[in-house]
Amino acid sequence: MTGAIGQPVSRIEGAAKVTGTAKYAAEFRPPQMAHAALVLSTVPKGRITQIDTAAAERAPGVRAVITHLNAPRLAYNEMPERPVVDPKSGDQLRVFQGPEIFFSSQPVGVVVADTLEQADHAAALVRVAYETSAAATEFDPRRGRPPSEATAKAGRPGGTQRGDADRAFAAAPVKVDAVYVQPREHHNAMEPHATVATWEGDRLTLYDKTQWVDNDRSEIAHVFGIPEENIRVIDPYVGGAFGSGLRTWPHVTIAALAARQVGRPVRLELSRRELYYSVGFRPHTAQRVALGAERDGTLTALVHGAAQQTSTYEEYAEAILDPARMTYACPNVRTIYRLVEMNTNSPCPMRTPGIATGVLALELAMDELAVALGMDPVELRLKNYAERDPEKNLPWSSKELRACYATAAERFGWSRRSPQPRSMRDGGTLVGYGMATAVYPSHRAAAAASATIFANGTALVRSAASDMGPGTYTSMTQVAADTLGMPVDRVRFELGDTDMPKAPVHGGSITMASIGPAVRAACEAVRAKLLALPQQGDRAASGTSAEPAYAGSRPGGAPPYAEILRRHGLDRIEATGEAKPGDEERKFSSYAFGAVFAEVRVDAETGTVRAPRIVGAYDVGRVVNPRLAHSQCIGGMVGGIGMALLEAADWDARYGRVMNANLAEYLVPVNPDVIEIDAVFVPSDDRNFNPIGAKGLAEIALCGVAPAVANAVYHATGKRIRELPITMEKLLA
Amino acid sequence: MVPFAYAAAPDQADAIARAAQARGAQFIAGGTDMLQLLQERVTAPSELIDINGLPLAGVDVAQNGVRIGALTRLADVADDEHIRQQYPVVVQALLASASPQVRNMATMGGNLLQRTRCLYFRDVAAPCNKREPGSGCPAQDGVNRMNALLGGSPHCIATYPGDLAVALMAVDAEVEVAGTAGPRRIPIEHFHVVPGATPQIETVLQPGDLITALLLPASAFARRSHYLKVRDRASFEWALASAAVALDTDGSTIRQARVAVGGVATKPWRLSQVEQALAGQPLRADVLRTAAERAGDGAQPRPGNAFKVELMKHTVARALLTVGGQA
Amino acid sequence: MTSTVSERESAIAAPQQDFDTTLIVNGTAHRVRVDARTTLLDALRDRLELTGTKKGCALGQCGACTVLLDGRRVNACLTLAVMQQGKPITTIEGLANGDKLHPLQDAFIEHDGFQCGYCTPGQIMSGLGLIREGRTRSDDEIREHMNGNICRCGAYPNIVAAIKQAAGRRA
């Protein structure tokens with residue numbers, strides 16, 4: 001065996017990316033392509049009373065101006081089952097089907113012109129009049145309502161109870177009770193969302209930025225009422241997405257509609273400002289956490305309530321309260337979940353959706369409890385270590401969290417921490433150390449792949465998967481190479497095309513655990529098929545099965561694929577394979593775990609905060625490619641720095657708008673914000689969860705960073721900041 | 001972008017004549033702010049006159065000071081050995097500005113004219129008196145963390161965003177302007193104007209006026225100067241507060257001081273009350289700190305930016321302590 | 001008092017909106033028709049189909065469109081194509097020599113200086129400009145002078161390592 005799994009193979013598509021030849025959605029250019037630009041609402045709620053398109057229609061190069069007044073009625077057929085990425089209740093925004101306005105910057109029209117400049121200008125010439133009505137643009141948790149039945153059924157109930165948390169809390173000798181606020185955050189992947197739509201008769205090709213080509217096809221088929229087979233979606237490279245590309249957003253429909261109307265290919269590429277209103281965001285959330293404990297630190301009560309914003313037309317709900325129910329062994333746990341409808345575009349999953357938000361509050365509260373108890377924060381976590389999932393009452397499929405705490409604490413130098421706040425200084429700089437636990441559920445979904453072996457001794461493996469950056473191309477090549485017993489450089493893996501075998505969504509950290517086993521199955525299938533070829537002309541064959549004849553051809557080596565194919569006069573042999581979850585979810589609870597330690601430096605006078613050193617240790621199961629896994633991990637931690645110190649949408653409730661909708665004033669970390677980041681994987685291999693042994697690591701990497709930083713800020717300054725981001729005014733107040 | 005015509009100016013006289021004659025014409029030099037304003041439809045000139053071909057770039061050192069051509073790129077000034085030695089505050093301000101890519105393109109003259117980052121000014125879906133006179137100023141009661149404490153009016157509290165102009169205040173720089181009425185020099189302090197009832201007017205320039213150079217006099221202060229910029233992100237962000245300071249000392253006594261602040265005022269703001277509190281005083285940390293306390297005089301904070309009063313004082317104090325060797 | 005200058009008719013070429021312009025990209029002169037409004041970035045991507053230069057924000061706030069203009073790194077989104085007539089422009093497509101990658105490209109692969117790859121051409125062009133500027137004397141200096149290139153995947157430490165290696169500086 002080549003043993004590619006576990007090797008730090010270089011990114012296979014690296015050369016394409018460093019030379020600029022990797023092609024992203026907007027870069028496909030069918031002949032005769034025209035350009036689209038959106039007309040957006042300027043009020044957060046109301047009805048369009050009038051649209052004047054005359055000036056736009058007269059503008060040079062304009063081919064069409066489409067609004068609800070002249071747009072064709074679209075089918076918007078109900079899907080037999082809602083895609084897992086769509087909210088469980090409410091209705092998706094239907095483009096140009098009526099005069100209703102649900103949020104500011106809702107698309108109310110599209111202009112198609114020959115050039116980008118012409119389309120952009122003409123869109124600004126469209127005049128729209130509105131009759132406005134009172135909009136719900138304030139995030140007011142008191143307006144929160146329980147989720148609908150459909151949402152509750154999908155695992156986001158309005159309330160859960162284990163034991164009697166309120167009574168236990170009242171009786172607890174030590175308690176903390178506080179409110180924590182997570183602001184609205186935006187994915188801001190570097191590649192803007194874009195769709196290039198081309199119709200040939202009734203067949204549609206979409207080059208679209210998406211984390212799920214198959215679902216894109218399915219959704220658009222239902223919107224237009226055409227068979228799925230008539231649509232092909234292609235997206236070989238995704239320039240980051242972090243959740244913004246899970247769903248099929250309205251602009252995809254707009255591009256397809258515009259292309260059909262003008263009878264030529266159309267590209268719609270969203271501007272950075274438009275992205276803030278078009279592709280979801282991490283919702284604004286307020287949480288109350290009340291913890292009760294014995295004096296020795298044993299948790300006796302945990303009450304966690306969350307009020308989270310959603311839109312008025314869809315009920316987006318996330319797993320904010322899952323960590324409260326499973327992270328610690330606490331007999332009495334109550335959770336309360338409320339949704340606050342607002343006139344905004346719908347939120348959606350953003351890296352570590354819900355969990356990062358819930359863990360933020362829980363881990364800040366745990367730090368507050370450690371302070372109240374006069375106990376080391378790590379000790380407190382160990383004291384309440386959950387040996388099995390306390391909510392599901394199932395064993396963990398694997399859990400190496402103790403090793404995470406120990407490894408990260410050691411590498412970080414936690415023992416150098418003096419417990420008193422404000423006790424560590426470096427000149428005028430206050431130094432603080434903080435830590436937090438990280439968790440993220442591991443899931444897998446059904447997937448398929450095909451594998452082809454060619455007579456030249458190379459293989460091609462395909463699945464309609466996606467790679468927004470974690471390294472799907474590389475890791476699947478490694479899995480395929482190992483299964484086939486070929487060197488990595490003889491195997492090619494292709495993805496991002498609905499013509500390939502079906503794949504699940506590239507999100508929720510499920511790609512390795514889902515596509516990996518499918519790739520393996522396909523490779524095993526093609527190998528078996530090849531070895532089962534009749535042994536004509538092979539006099540050495542003694543048995544009826546081919547396997548023994550070839551298996552031993554090289555000690556520990558692969559069968560001589562090329563030779564066998566040649567012998568049979570075949571230029572290739574192909575097979576498909578599928579993999580789907582078994583009964584492991586009934587037998588085990590599966591999570592990735594981590595421990596994050598952060599050092600912060602706070603300027604005592606200006607309140608400027610930096611996080612120059614972060615160490616994380618993670619149990620993510622088996623690591624298929626340590627080089628890429630490390631990159632993915634430090635990347636998530638950088639995202640955590642942004643969440644902790646920089647990121648927030650500046651929402652103006654008077655307009656229902658994000659005022660800092662750009663990359664100059666919505667701050668994400670830049671290079672000098674990141675000094676030292678250390679991510680380490682503790683030994684782990686979870687074959688209870690799936691045959692590859694990997695648990696997934698995209699989401700866990702961002703989890704826990706913000707609370708570790710916030711806890712370090714408390715340690716540095718003695719100030720408990722309960723609202724992100726931690727900016728100077730909060731520390732100077 | 002709204003359509004506009006473009007022409008490259010063959011010489012200075014033509015550029016000025018054209019700009020004076022054509023309604024809605026604007027010069028474009030580095031274009032680093034102009035392109036953002038065009039792209040977001042914040043501004044819509046009828047015509048852009050490209051002045052990059054004019055011979056206005058270069059740093060000339062003379063006995064009485066330095067003349068920096070208006071088209072000299074920020075990066076070239078930051079790299080100039082003489083400026084680095086004689087005017088550290090200017091180089092520090094330049095290196096704290098934007099990104100290297102922007103500094104390679106942006107010009108010294110154009111930088112003085114960069115427009116506010118007020119969130120309402122930059123989002124055409126919102127009202128803004130500066131962009132559309134008379135439409136209102138939502139920043140007064142809106143998201144105003146980055147807005148001005150000093151020099152505001154009920155019509156506008158947009159912050160002047162630049163670093164360079166603040167540093168130039170500390171070295172008594174002048175702006176050389178050519179126009180239809182011939183060349184003239186404007187002290188940097190009088191170059192920008194407060195918004196008052198006409199926030200759309202940001203400088204004393206008249207149609208056809210063209211900045212040709214910045215003049216930095218040889219000065220006793222300039223060598224002992226410092227620029228400090230405070231922001232959320234480690235880099236590549238406009239100032240929440242910045243201070244440019246320069247000290248002229250005689251042994252252990254401060255003869256004179258120059259103190260200006262950025263990120264907190266509607267124009268580059270000189271703190272004469274702080275300067276007065278320093279003049280003739282001994283160069284001691286407590287003196288510098290006490291003087292810096294006066295930085296907040298006259299500040300008109302809003303809920304979102306009230307923290308910047310203290311921040312500004314600390315920023316001024318830190319800059320003074322640094323330049324005074326008392327940090 | 002009116003000066004003679006203001007009375008003089010401008011001799012400036014009549015302003016135009018459409019231009020046939022020549023862009024010299026990676027050593028090749030391209031004749032291209034642009035609108036006065038066409039940014040250098042859009043000219044490269046949409047007119048010349050050199051899509052290696054990326055559009056991330058179109059406002060100079062992310063650095064994905066960094067190219068070398070006259071040998072210096074700039075944001076291609078912050079200038080008009082018509083303004084850059086005849087000036088040498090180097091894009092990511094101009095770095096490799098056939099199959100032989102530029103040492104900085106090799107270093108980005110070796111140090112895994114990217115994930116999604118979208119900011120990568122801009123990071124590399126900016127890194128190249130940085131190395132020419134000579135501001136690679138310390139990690140801090142590299143970090144500060146790469147501030148204009150956002151990587152949302154968070155590959156910053158690896159980017160610094162790659163630039164350091166290509167600049168020939170030992171750790």
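Naming: A, B, ... by sequence-line order, numbering from 1 per chain.
Only the side chain of B:R145 comes within contact range of chain A, with at least one heavy atom under 4.5 Å from a heavy atom of that chain. Interface residue A:T608: only side-chain heavy atoms are found under 4.5 Å from chain B. Proximity to chain B is absent for every atom of A:L116, based on heavy atoms less than 4.5 angstrom apart. Only the side chain of B:E237 comes within less than 4.5 Å of a heavy atom in chain A; its backbone stays farther off. Of the atoms belonging to A:V43, not a single heavy atom falls under 4.5 Å from chain B. Proximity to chain B (any heavy atom under 4.5 Å) is shown, for A:L667, by both the backbone and the side chain.
In summary, the side chains of B:Y120 and A:D652 do present a donor paired with an acceptor at a separation below 3.5 Å, with no hydrogens or angles considered.
In this structure a side-chain-to-backbone donor-acceptor pair under 3.5 Å is missing from A:D650 to B:V143. Using modelled atom types, no side-chain atom of A:R657 and backbone atom of B:D123 make a donor-acceptor pair closer than 3.5 Å. Judged by distance alone, with hydrogens and angles left aside, the side-chain atoms of B:R41 form no donor-acceptor pair with the main-chain N or O of A:A124 at under 3.5 Å.
In this structure, the separation between OG on A:S271 and CD on B:E40 is 7.0 Å, given to the nearest 0.5 Å. Note that CE of A:M659 and CZ of B:R122 are 12.5 Å apart. Values are rounded to the nearest 0.5 Å.
A:D603 has a carboxylate O that lies under 4.0 Å from a charged side-chain N of B:R318, or vice versa, which qualifies the two as a salt bridge. Taking 4.0 Å as the cut-off between side-chain N and carboxylate O, A:E665 and B:R231 do not count as a salt-bridged pair.
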After noting the C-alpha distance and the side-chain angles of B:T315 and A:E605, does the key distance pass the side chain to side chain contact (heavy atoms under 4.5 Å, CB included) rule? CA-CA 8 Å; B:T315 307; A:E605 287 178 348; over 6 Å; no
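Side-chain contact between A:E729 and B:L311 is absent, with no heavy-atom pair separated by less than 4.5 Å.
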